[in-house]
Asks: 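Quick one: the structure is below, and I'll ask about it shortly.
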Amino acid sequence: MIVTEKAPAKLNLSLDTPMRYLDGLPKWDMVMVSADLADYVTVETHRRPATIKVYTNSGFLPNDQRNLAYQAAHILRTRFHRKDGVTINIKKQIPVAAGLGGGSSDAAAVLRALNNIWRLGLSLDELAKVALAIDSDVPYCIYNKLAHVTGHGEKVELLPAQPHYWAVIAKQQISVSTPQILRQINYEQLVHLDNAKLIASLKEQNWQEAVKYMGNVLEPLTMQYYPEIGRLKQKMIDLGADVAQMSGTGPTVFAICHTESRAKRIQNSIRGFCRDVHVVTLL
Ligand code: ATP
């Protein structure tokens, strides 16, 4: 049986971390949303060969156990004592190492596909528990809906869908290592967000109020190495974005606009110096 799953990019409407756990990982306090910029992940199972194979259309990605999609198949196969082989084909459209959670979304797509193919009958909440063993963003990517995400990433509280908005997603040619940025967080220096107010505004579907509380506490950290992230963000704001900020640990910057024409205008204005720009709707 073959199943194809859409694996959308995630954006952090807010990203905060109040502390580090004893295991060294950050405790998260984030509001995440998915965008209609997606990889397509096709999963096929077979008796022979009884191995896991990953193929992608990207020359930059590992296709062995370092690929998060491979890890997803391996974990589910081991946990449910399946012996079949799994072939995964990833049509990559989400920029890699961009702060858009592409690897996490591919892994979540593999979990959903295998749950279906093997008729495991796991609910999305059960799949999200399995997902945490892969990476902190994978539980969220099981759902791909506006949500408040806390803990190590395993607590995902869905929030009501918002009216239609457009996002301009722009990745400059910079590579950011997420583990490297996370190791450097100095908790004394972080300027925290008011996520409670953001969540209350989103629950009331009051977007104009919600944008006041969006933000990413890691921006100053990544921007100290890459000031061009701050310049791109400012340009998007000058061009009339409702909000513009970095996603994850960067380098991607996104702008949110309430009209498509405004989003297209921003896209056209920044294309000259940033080639990887997408106008998409939020899911
Ligand atoms: P995060 O913030 O969760 O680290 P990201 O959006 O910054 O994610 P990804 O595109 O997920 O970045 O890639 C992060 C790293 O994960 C890269 O070094 C990449 O080689 C590795 N990786 C493993 N599997 C995948 C995959 N299927 N797609 C993209 N990257 C993958």
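Whatever order the structure lists ligands and atoms in, that order sets their numbers, starting from 1.
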Asks: Identify, by atom number and element, the atoms of ligand 1 in contact range of Pro62, meaning under 4.0 Å from any of its heavy atoms.
Replies: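 Per the distance check, 20 (O).
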
Asks: How far is atom 26 (C) of ligand 1 from the closest protein heavy atom, and which atom is that?
Replies: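 Going atom by atom, the protein heavy atom closest to atom 26 (C) of ligand 1 ends up being Gly103 CA, 3.4 Å.
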
Asks: I'd like to know if the side chain of Asp106 pairs up with that of Tyr70 as donor and acceptor (distance under 3.5 Å, no hydrogens or angles considered).
Replies: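 Checked: Asp106/Tyr70 side chains show no N/O donor-acceptor pair below 3.5 Å.
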
Asks: Judged by non-hydrogen atoms, does Gly99 sit under 4.0 Å from ligand 1?
Replies: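 So Gly99 counts as touching ligand 1.
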
Asks: How does Leu61 reach ligand 1, by side chain, by backbone, by both or by neither, if only non-hydrogen atoms under 4.0 Å count?
Replies: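 Only the side chain of Leu61 comes within reach of ligand 1.
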
Asks: Looking at atom 11 (O) of ligand 1, tell me if a protein heavy atom falls under 4.0 Å from it.
Replies: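 Yes; the ligand atom in question has protein heavy-atom contact below 4.0 Å.
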
Asks: Which heavy atom of the protein is the closest neighbour of atom 24 (N) of ligand 1, given with residue, atom name and distance?
Replies: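 Its nearest protein heavy-atom neighbour is Leu68 N, 3.0 Å.
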
Asks: With no hydrogens and no angle check, just 3.5 Å: does a side-chain donor-acceptor pair link Asn216 and Asn12?
Replies: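 There is no such pair between these side chains.
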
Asks: Are there protein heavy-atom neighbours of atom 18 (O) of ligand 1 below 4.0 Å?
Replies: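 Given the 4.0 Å limit, the answer for atom 18 (O) of ligand 1 is no, no protein heavy atom qualifies.
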
Asks: With heavy atoms under 4.0 Å as the rule, classify the contact between Ala107 and ligand 1 as side chain, backbone, both or neither.
Replies: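 Looking at Ala107 and ligand 1, no heavy atom falls under 4.0 Å.
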
Asks: Check the angle between the aromatic planes of Tyr165 and His258 and answer parallel, tilted or perpendicular using the 30° and 60° thresholds.
Replies: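 Ring orientation, 0 to 90° scale: perpendicular.
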
Asks: Under a plain distance cut-off of 3.5 Å, with no hydrogens placed, do Tyr225 and Gln184 share a side-chain donor-acceptor pair?
Replies: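 Result is yes, a qualifying pair exists.
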
Asks: Counting non-hydrogen protein atoms only, what is the nearest one to atom 14 (C) of ligand 1? Give residue, atom name and distance.
Replies: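 Here the closest protein heavy atom is Ala97 CA, 4.2 Å.
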
Asks: Ignoring hydrogens and angles, state whether a donor on the side chain of His164 or Thr281 is under 3.5 Å from an acceptor on the partner side chain.
Replies: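 There is no such pair between these side chains.
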
Asks: What protein heavy atom sits nearest atom 23 (C) of ligand 1, and how far away is it?
Replies: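 It is Arg66 O, 3.4 Å.
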
Asks: Enumerate the atoms of ligand 1 whose separation from the nearest heavy atom of Asp106 is less than 4.0 angstrom.
Replies: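 Those atoms are 26 (C), 27 (N), 28 (N).
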
Asks: Are any of the heavy atoms in Lys92 under 4.0 Å away from ligand 1?
Replies: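 Under 4.0 Å: yes for Lys92.
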
Asks: Could you list the residues that satisfy side-chain contact (heavy atoms from CB on, under 4.5 Å) with Phe80, not counting sequence neighbours?
Replies: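 Scan of Phe80 (side-chain contact (heavy atoms from CB on, under 4.5 Å), adjacent residues dropped) gives Leu76, Arg82, Leu120, Leu122.
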
Asks: Nearest 0.5 Å please: distance from the OH atom of Tyr40 over to the CD atom of Gln93.
Replies: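 Between atom OH of Tyr40 and atom CD of Gln93 there are 6.5 Å.
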
Asks: Can you find a protein heavy atom under 4.0 Å from atom 21 (C) of ligand 1?
Replies: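 Under 4.0 Å from atom 21 (C) of ligand 1, zero protein heavy atoms found.
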
Asks: I need the nearest protein heavy-atom contact for atom 6 (O) of ligand 1: residue, atom name and distance, please.
Replies: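 Sorting protein heavy atoms by distance from atom 6 (O) of ligand 1 puts Gly101 N, 2.6 Å first.
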
Asks: Taking distance alone, with N or O pairs closer than 3.5 Å, would you say Leu100 contacts ligand 1?
Replies: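 N/O-N/O distance under 3.5 Å: yes.
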
Asks: Would Ser34 and Tyr143 count as having a side-chain donor-acceptor pair, cut-off 3.5 Å?
Replies: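 The criterion, which ignores hydrogens and geometry beyond distance, is not satisfied for Tyr143 and Ser34.
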
Asks: If you measure from each non-hydrogen atom of Asp135 to ligand 1, which part falls under 4.0 Å: side chain, backbone, both or neither?
Replies: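 Answer for Asp135: side chain.
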
Asks: Look at atom 29 (C) of ligand 1 and say whether a protein heavy atom is found at less than 4.0 angstrom from it.
Replies: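 When distances to the protein are checked, atom 29 (C) of ligand 1 has a heavy atom within 4.0 Å.
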
Asks: Report yes or no: does Tyr213 contribute a side-chain atom to a donor-acceptor pair with the main-chain N or O of Ile199 at less than 3.5 Å?
Replies: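 No: the side chain of Tyr213 does not pair with the backbone of Ile199.
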
Asks: Run the salt-bridge test on Lys6 and Asp36 with the 4.0 Å N-O cut-off and return the result as yes or no.
Replies: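 Yes, Lys6 and Asp36 are salt-bridged.
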
Asks: Output the distance between atom CD1 (Ile229) and atom CZ (Arg231), rounded to the nearest 0.5 Å.
Replies: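 So the CD1 of Ile229 and the CZ of Arg231 are separated by 10.0 Å.
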
Asks: How far is atom 2 (O) of ligand 1 from its nearest protein heavy atom, and which residue and atom name does that atom have?
Replies: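 Of the protein heavy atoms, Thr178 OG1, 3.3 Å lies nearest.
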
Asks: Do any N/O atoms on Asn67 end up under 3.5 angstrom from N/O atoms on ligand 1?
Replies: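 Yes; at least one N/O pair falls below 3.5 Å.
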
Asks: Which atoms of ligand 1 are found less than 4.0 Å from any heavy atom of Asp137?
Replies: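 Counting from 1, the qualifying ligand atoms are 3 (O).
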
Asks: Between Arg271 and Asn268, does any side-chain donor sit less than 3.5 Å from a side-chain acceptor?
Replies: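 On atom types as modelled, these side chains qualify, holding a pair under 3.5 Å.
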
